[in-house]
Structure formats: C-alpha cells, structure tokens
Amino acid sequence: MADEALFLLLHNEMVSGVYKSAEQGEVENGRCITKLENMGFRVGQGLIERFTKDTARFKDELDIMKFICKDFWTTVFKKQIDNLRTNHQGIYVLQDNKFRLLTQMSAGKQYLEHASKYLAFTCGLIRGGLSNLGIKSIVTAEVSSMPACKFQVMIQKS
C-alpha cells in the first residue's frame, strides 16, 4: 500500500514539475503532454521487459492486449482493466472505471479539463509496453466522467 501512495505522489509531482518548468519558459501545453508521454513510453518499455522475461511468447495481438489489461495493469495500478473491447481491425478500447491517477481529483466536472495532464504518462506507458512487444501504436485517452477513463489503442500496421 505504501508503494501505491509513493507512485501517486511521484506521478503528481512529475506532472506539476513538467508544467512548472514550462510556465517559466512559456511553452505550450502540447509540449508538456509530449514530454510526459515520452517519460511514460520509456518506463513502459522497461516494465514490459521486466514483466515478460519469464512468460511464454504471445500468440497474437489480442493475447498481448489481454496481457496489458490483466498482468501489466494489475502490477502498475493494483487492479485489472474493467473492460477491453476491440473491432478486430486494430483498434482496442481499454476502460478503467476507477483510474487510480484520477481518483485523487474531484469527481466533479470542474477538473475534467486537467485530466489530460494526468493521462499522458499512462498513454506513453501503454505505447512503450506495446512497442517493446513489437506493436507500433497510437494511444489516446478520453475522460467523460471522473475518475473513469478510456484508453484507445490504434495498432499501426507496417
């Protein structure tokens, strides 16, 4: 439980640190989101490397996504993804009804505009993990009501 609190505090400080440094340099919001996503990408690559060293090879893309939703998500966020949907054409929607990084914020709509700051790292985390498993993707996040969020993963075919 203590490691979860530390992770939440570290994440909040990381987000505020990136935005504070941007305020001093008058940098736009997009660069901060990109910086946070790149941090998450690198962390995701490292975590997947560690988590999959003793697992068997995955059969297909769907097996990889199931691994992300169950094992990876459980290790990082202490719970599984609540819902995984796919159109079987390379688009996956991962829904977390009580996303840990948003539960600290109010359940009201007043903080909805700030949610993207707190989801950028996780988008990078997913993209980095998939990248290390050989899947190139674009990951976006959407919040309609706090603390629930949806991550959309679009697989890029090469």
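What you see below is based on every heavy atom in this structure, not just the backbone, and it leaves out hydrogens, waters and symmetry mates.
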For M146 against V143, the heavy-atom pair lying closest together: SD-CG1, 3.9 Å
Contacts under 3.5 angstrom, residues 45-56 side chains, donor-acceptor by atom type, not counting sequence neighbours:
{"residue": "T52", "atom": "OG1", "partner": "I48", "partner atom": "O", "Å": "2.7"}
{"residue": "T55", "atom": "OG1", "partner": "T52", "partner atom": "O", "Å": "3.1"}

Pair V93-F151, side chain to side chain contact (heavy atoms under 4.5 Å, CB included): steps then yes or no: CA-CA 6 Å; V93 178; F151 295 95; over 6 Å; no
Worked check of salt bridge (Lys or Arg N to Asp or Glu O under 4.0 Å) between K66 and E61: CA-CA 9 Å; K66 286 178 183 176; E61 198 175 87; over 6 Å; no
Cluster link I135 to V153, ILVMFWY, side chain under 4.5 Å: yes
K150 vs L94, side chain to side chain contact (heavy atoms under 4.5 Å, CB included): CA-CA, chis, key distance, verdict: CA-CA 6 Å; K150 293 179 183 178; L94 290 68; over 6 Å; no
Pairwise distance NZ(K59) to CD1(I64) - rounded to 0.5 angstrom: 12.0 Å
Side chain proximity check, L130 to Y92, heavy atoms < 4.5 angstrom: no
Shared hydrophobic cluster, V76 / L101 (ILVMFWY, side-chain heavy atoms < 4.5 Å): yes
Fellow cluster residues of I138, listed by chain then number, with links counted only when side-chain atoms sit under 4.5 Å apart: I91, M154
Side chain to side chain contact (heavy atoms under 4.5 Å, CB included) partner of L119, chosen from V139, L102, T140: L102
Interatomic distance, F58 atom CZ to M65 atom CE [nearest 0.5 angstrom]: 11.5 Å
Aromatic plane relationship, W73 with F99 - under 30° parallel, 30 to 60° tilted, over 60° perpendicular: tilted
For D82, all residues meeting side chain to side chain donor-acceptor pair (under 3.5 Å), sequence neighbours excluded: K79
Residues in side-chain contact (heavy atoms from CB on, under 4.5 Å) contact with M14, at least two apart in sequence or another chain: H11, L36, M39, F121
Pair listing, salt bridge (charged side-chain N to carboxylate O under 4.0 Å, His left out) test, anchored in residues 127-138, at least two apart: E37-R127
Any residue meeting side chain to side chain donor-acceptor pair (under 3.5 Å) with N97, in chain and number order, not counting sequence neighbours: Q95
